[in-house]
Structure formats: C-alpha cells, structure tokens
Amino acid sequence: MQKGARMQKLKNLKQLITEEDGMGTVEVILIIVVLVGLVIIFKEQITDIVNSIFSKITKQTNKI
C-alpha cells in the first residue's frame with residue numbers, strides 16, 4: 001500500500017471517529033422500541049422457529 005493511500009485512509013478514519021452526524025439517542029431508542037414491539041407481536045412464531053431449529057440441530061448431532 002502506498003504511503004499516500006495509507007494516509008488518506010487514516011484521515012478518513014479520523015473523520016469518521018470525530019463526525020457528529022451519527023445517530024442520536026432518540027433514534028437508537030426508537031429502533032429499540034420498534035424491535036421490542038416486533039418481538040412481542042411475533043413472540044409465538046419466533047419461539048416456534050427457534051424450537052424447530054434446535055430440534056433439527058439435536059437430531060442431526062445424534063447422527064454424528
């Protein structure tokens with residue numbers, strides 16, 4: 001890697017770290033609220049899928 005390219009990558013990384021245009025607390029909280037709501041709504045379906053996956057894993061590990 002050339003020195004100029006390496007310096008540019010370091011400069012870009014520094015800008016990314018110091019950038020203040022990232023997500024704020026409100027946005028993160030809203031995303032968490034939506035995810036929790038989806039989990040509550042689809043709890044039964046998620047549980048069925050997880051149980052099915054674990055039962056398949058258990059059956060296949062017994063074959064080994």
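Throughout, numbering of the chain's residues begins at 1 and tracks the sequence.
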query: When rounded to the nearest 0.5 angstrom, what is the spacing between NZ in Lys9 and CG in Asn12?
result: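 Reported to 0.5 Å precision, the distance equals 9.5 Å.
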
query: Which value, rounded to the nearest 0.5 Å, describes the distance between Leu35 atom CG and Leu30 atom CG?
result: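 With rounding to 0.5 Å, CG (Leu35) is 11.0 Å from CG (Leu30).
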
query: Above 12 or not: heavy atoms from other molecules or residues under 6.0 Å from CD of Gln45?
result: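 Yes - once you tally the heavy atoms of other residues, nucleotides and ligands closer than 6.0 Å, there are more than 12.
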
- prompt: Among the clusters formed by ILVMFWY side chains lying less than 4.5 Å apart, do Ile41 and Val50 turn up in the same one?
  reply: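 Yes; Val50 is reachable from Ile41 via cluster members.
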
field: Linked, directly or transitively: Phe42 and Phe54 (ILVMFWY side chains, under 4.5 Å)
entry: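 Yes; Phe54 is reachable from Phe42 via cluster members.
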
task: Please report the shortest heavy-atom distance between Ile46 and Val39, naming the atom on each side.
output: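 That closest heavy-atom pairing would be CD1-CA, 4.2 Å.
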
